[in-house]
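These notes are about the structure you will find just below.
Fair warning: this is a prediction, and the values are worked out from it, not measured in the lab. Letters A, B, ... are given to chains in the order of the sequence lines, protein chains preceding strands, and every chain is numbered from 1.
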Amino acid sequence: MSDTTLRLTLEQLQCERDDRELFRDVSLTARAGEIWQITGANGAGKTTLLRILVGLHGFYEGRREWWDESWRSELLYLGHQPGVREELTPLENLRFTCALGAQSGDPMAALSAVGLRGFEDVPAAHLSAGQKRRVALARLWLERKGVWVLDEPYTAIDQDGVAQLDAQIQQAADAGTLVLYTSHHQVGDGVRRLHLAKGRAEVRA
Amino acid sequence: MAFESFADFLAMGKHGFYVWSAYGISAFLVITSMVLALRGQGRVRQTLARQQRRAEVDK
Amino acid sequence: MAFRAALSRELLVLWRSPAEIINPLFFFVMVISLFPLAISPRPETLALIAPGVLWVAALLAVMLSLDGLFRRDQESGVLEQLLTSPVMTVVPVTAKLLAHWLLTGLPLVLVSPVLAHMLQLPDRVLGVVMLSLLLGTPALTVIGAIGSALTVGLNRGGILLAVLVLPLYIPVLIFGAGVIRTAVEGGPVPGVLAILGALLALTASLGPLAVAAGLKISSGN
Amino acid sequence: MVWQTIKRWYHMLGSPRYFHTFSSRVLPWLTPIALITLVTGLVWGLVFAPSDYQQGNSYRIIFIHVPASSGALMGYMALGVSGLVAVVWRMKMAEVMLKAIAPFGAALAAISLITGSLWGKPTWGTYWQWDARMTSMLILLFMYVGVIALQNVIREPRQAARAAGLLAIVGVINVVIVKYSVEWVQTLHQGSTLKLFGESTINPAMKYPLLISMLGMWLLYAVNVLVRARTEVEWRERRSKWVQTLIRKGDQ
């Protein structure tokens, strides 16, 4: 029977960088509605693993397969950098990422949801690092996508921001989104963990 | 044989300088490229052998 | 739709950082004014070297303006957004190249008659000068962008960009300057202009694809 | 049936391990053959070919100049093809080839320029004349430098190879266009292009040594590429078992 909820399959993923082996034999099957927390020390290859998932990094062995061809249109990727141009205001940045990511939704509402009300028209250059990250996170409050790949979403986020983000991720997962994120913070109890250490990966579902 | 004597061959009818410098420089560049290629191979083999020995010592 | 959004965004970004527009223009003017001082102010000599001087200055101005073309996007993470979006990478890339040309290449074209006049070129030729730069500078922008895409991750891209891109600029330089020289000598301008146009067509069609491929390679793919 | 063999060859040569054994088997006999062919061609041209009634003996530089020019040009075409395979089909061996082909090609381009200008002096009175052939070769050398420079600057080996591959693809198109644009500039200034190597090669006594030395130079180029490619394969596959055993065995 074709498992309609299957979203992502990884088999024996192996990757090298700067002359050393980053990780090997990373295998994983992830389904819609699951939340995967990817942990590991700095330099263990967490960001590289995410970049392989979203197709930014192509030099790896093994198999990475999404559930269908048009997975990119269902992807929401927040990278290591916030992805915000300093010359533009948060509103302009968000409108541009919507057009580029084929994502609808109301940018104003999203910005106020992440606590940036009143900052919509301030050039991003004047925003703090935390606020810039919030502009990136605002995309989670726009039209929901099938797969969320978030690189360190909790960095530079204050206390109540963390709770808000947990709720949003949990809500998206309940609605069927597959969430994969890297962070030391655990969103909730039903979270599956993939721990990268010494080049190996342990899945603690 | 297009030349009467070896001396004549060297002189190349007053063009000796150009002909021999052309061949000399060409030979130099070809040989350097070959030597570099072979040295590269030697160096890689050496580094890999050293790494292997170090790995065996650690085990 | 994404193309329009990308184009308006790029124009906005460039418009908000005027240095990106002014510097290439002043560079163009300054380099050109070096030649009369370096070679000789005599009108006959100037008119003889003018086509080449105009084109070499334009070529260098465009190339230098492309050095950091994608660097800001890469550092801020916008490039990653672009590469992971469902829209084909070539679409926003083409928009970026068009915006960049509009604000760096086009000003050179507009100011070139003044400089051509300063280099003692006859006034009947000024139209051809603008036309040759109008067809040539977009080709220079696209070719330079290929080099810029390949060197985006490297810190000292500048000189390397020149080493990669200058050989690729030579045909555009030859025919670009050739158009003006033919016009000065009263020769058949349309023929040479057609070749320059063909070069532009080739670069404008294949170039953006190469730039997109270069960006993917530079990001590790 | 033909398609199967091509596919089989494509996959076989595509695997670095097979290539390593293939090159180790081929090199021992290809190297002497290349050297012998090249030396016979050069000696034949230098010693036995008749001297040219116009240029005397300075034309004998042709027996190194033409092989070098053709080798440099073929080398860059090979770079373009490897680039295409590396970028489009992501084949590892093509990336190795990009690293292996470039250096000797650049050396040949330099040789072609130096021998060309050394030949120009006695024949036309100047070492450099900006004629179509020499200018195209100069630009080809610049493009070789570009490919090599790009490869050495980027740290990640696979990314460096694919970046150089893309540059080589664009470069090959540029080589063709440069050839015509440089000739166009020529026709503008000096009427018909000067045929530096035209009629003097018709004479058969000169043609055969030239063909042999060309063959010899190409074979030597192949030897250089195989040695460099084999080294690159050993370095890239250093973590694999077959390279470990090979190093342990101390292969020749």
Side-chain angles (χ1 to χ4, degrees), chain C residues 51-52 139 142-179 181-182 185 187-188 191-192 195-196 198-199 202-203 205-207 209-221, chain D residues 76 80 83-84 86-90 95 98 106 109 130 132 135-189:
Chain C
V142 172
I143 297 170
I146 297 173
S148 180
L150 287 174
T151 59
V152 71
L154 315 172
N155 32 41
R156 25 156 185 58
I159 291 297
L160 181 67
L161 178 67
V163 168
L164 302 187
V165 156
L166 280 176
L168 307 177
Y169 272 173
I170 287 171
V172 178
L173 173 68
I174 288 176
F175 286 107
V179 165
R181 214 175 25 255
T182 323
E185 289 153 4
V192 195
I195 300 174
L196 189 60
L199 279 179
L202 176 71
T203 33
S205 55
L206 298 180
L209 293 170
V211 175
L215 287 174
K216 286 193 182 112
I217 290 172
S218 294
S219 87
N221 195 332
Chain D
Y76 204 92
L84 196 68
V87 169
V88 173
W89 289 291
R90 309 174 70 92
E95 291 169 13
L98 274 164
W130 292 104
T135 318
S136 304
M137 188 51 73
L138 184 66
I139 296 164
L140 186 63
L141 178 63
F142 292 158
M143 286 158 64
Y144 266 115
V145 166
V147 167
I148 294 170
L150 186 60
Q151 262 181 351
N152 293 341
V153 159
I154 299 177
R155 257 197 351 268
E156 193 57 44
R158 289 210 65 182
Q159 187 179 333
R162 284 165 57 71
L166 183 70
L167 185 67
I169 298 169
V170 177
V172 163
I173 302 172
N174 193 52
V175 165
V176 176
I177 299 176
V178 158
K179 203 162 156 35
Y180 291 108
S181 37
V182 167
E183 259 147 32
W184 178 78
V185 173
Q186 277 297 307
T187 50
L188 233 357
H189 290 299

Of the options I159(C), L164(C), I146(C), which is the one that meets T151(C) in a side chain to side chain contact (heavy atoms under 4.5 Å, CB included)?
L164(C)
Out of L140(D), I169(D), V145(D), V170(D), which one racks up the most heavy-atom pairs below 4.5 Å with chain C?
V170(D)
Side chain to side chain contact (heavy atoms under 4.5 Å, CB included) assessment of L84(D) paired with V172(D):
CA-CA 11 Å; L84(D) 196 68; V172(D) 163; over 6 Å; no
Which bit of V175(D) comes within less than 4.5 Å of chain C, counting heavy atoms only: side chain, backbone, both or neither?
neither
Contact class of V192(C) relative to chain D, heavy atoms under 4.5 angstrom
side chain
Over all atoms of both residues, closest heavy-atom pair of L161(C) and G147(C)
CD1-C, 3.2 Å
For the CZ atom of R162(D) and the CG atom of L98(D), what is their distance to the nearest 0.5 Å?
10.5 Å
Ring geometry between Y144(D) and Y76(D) (parallel below 30°, tilted from 30 to 60°, perpendicular above 60°)
perpendicular
Measure I170(C) against the heavy atoms of chain D and call it side chain, backbone, both or neither at under 4.5 Å.
side chain
Residue R90(D) versus chain C: region with a heavy atom under 4.5 Å
side chain
Side chain from CB out, backbone as N, CA, C, O: work out which of these in L168(C) comes under 4.5 Å of a heavy atom of chain D, or both, or neither.
both
So what's closer than 4.5 Å to chain D heavy atoms on L199(C): side chain, backbone, both or neither?
side chain
Which atoms form the tightest heavy-atom contact between A132(D) and E183(D), and what is the distance?
CB-CG, 3.7 Å
Where on Q159(D) is there a heavy atom nearer than 4.5 Å to chain C: the side chain, the backbone, both, or neither?
both
Checking heavy atoms, do the side chain of I143(C), its backbone, both or neither come under 4.5 Å from chain D?
neither
Could you check whether any side-chain N or O of T182(C) sits under 3.5 Å from a backbone N or O of G187(C), counting only pairs where one atom can act as donor and the other as acceptor?
no
Who wins among N221(C), L166(C), L202(C), L206(C) for the most heavy-atom pairs under 4.5 Å with chain D?
N221(C)
V182(D)/W130(D) under side chain to side chain contact (heavy atoms under 4.5 Å, CB included): CA gap, chis, key distance, verdict
CA-CA 9 Å; V182(D) 167; W130(D) 292 104; over 6 Å; no
Report which part of L154(C) has an atom under 4.5 Å of a heavy atom belonging to chain D: side chain, backbone, both, or neither.
side chain
